[in-house]
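Please read all numbers here as calculations on a predicted model, not as lab measurements. Positions are given from 1, in the same order as the sequence printed here.
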Amino acid sequence: MDEAEAYRILKAKLGNREWRLDNLYWIQDEKGHEVKFVRNEAQRAYWRDLWYRNVIVKGRQLGFSTFIALLDLDGCLFDSNTSAGLIDLTLPDGTKKLDKIRFAYERLPRAVKDALPLVKNNGREMRFSNGSSITAGLSHRGGTLQVLHVSEMGEIAADRPERAAEIITGGFGAVHSGSMIHVESTAKGRAGYFYKMVEAAQALQKEKRPL
């Protein structure tokens, strides 16, 4: 198969997001090996139930933060002018997640990178030629986000409630109706913003109220 034919086949498949999520991206596993990302059972369940406002209580390592990071990258690459925000316990934690996204981008097929090159690439931001961007920060007050990923909200809410309040008023406020928020964390205590968020989500599930 020559290069032109390979590109034609790849281009046809790129329009299918289900195919992209199990075939296009590479990650590092827990041993540091480069492996092709394929969704596990828990990640597929999350994908099936995905909504505009999502809360995950993590009990063990199921790769949710990695999956959400790849969803951010995929959305930015294949939907122009998409702004994605990353908030974590600390700024270095957030930039590590951005490094995972950068790792996946750098291992994309050359044809994809040539079509969607980075126009800005530093420790806190990746900006693409189609107008999309992914930014890591401690909050995202101001501007508009189409996707916001908040990691370790339970620990933030327990240890730094003022930061949790800023995330809710600032970060959540930047995500308008019709856009998406992912909040994932291990639980920490039976009080605080994250605990209340999980309780509200569980109540909705029990009531089987339409979202």
Is a donor from one side chain sitting under 3.5 angstrom from an acceptor on the other, for His176 and Gln146?
no
So do the side chains of Asn23 and Lys13 get within less than 4.5 Å of each other, counting heavy atoms only?
no
So, taking the atom named CD1 in Ile56 and the one named CG in Asp49, what distance separates them when rounded to the nearest 0.5 Å?
10.5 Å
List the atom of Phe194, the atom of Ser185, and the distance in Å for their closest heavy-atom pair.
CZ-CB, 3.7 Å
Can you establish whether the number of heavy atoms outside Glu41 located under 6.0 Å from its atom CD is more than 12?
no
Quick one: is the NZ or CZ of Arg44 closer than 6.0 Å to the six-membered ring centre of Tyr46, and within 45° of its axis?
no
Smallest separation among heavy atoms of Gly85 and Leu145, with atom names
N-CD2, 3.9 Å
Determine whether a donor-acceptor pair (N or O, by modelled atom type, separation under 3.5 Å) exists between the side chain of Thr135 and the backbone of Leu86.
no
For this output row, return yes or no: ring centroids of Tyr25 and Tyr105 closer than 6.0 angstrom.
no
Pair Lys36 + Asp22, salt bridge at N-O below 4.0 Å:
no
Pairwise side-chain contact, Val150 with Phe172, heavy-atom cut-off 4.5 Å (strictly under)
yes
Write down the atom of Asn122, the atom of Arg124, and the distance for their closest heavy-atom approach.
OD1-N, 2.9 Å
Would you call Lys58-Glu152 a salt bridge at under 4.0 Å N-O?
yes
Are the charged groups of Arg102 and Asp99 less than 4.0 angstrom apart, N to O?
yes
For residues Leu14 and Trp19, report the shortest heavy-atom separation together with the two atoms involved.
CD2-CZ3, 4.1 Å
Please determine if Arg39 and Glu18 form a salt bridge, counting it only when a charged side-chain N lies under 4.0 Å from a carboxylate O.
yes
Any heavy-atom pair between the side chains of Tyr195 and Lys188 that's under 4.5 Å?
no
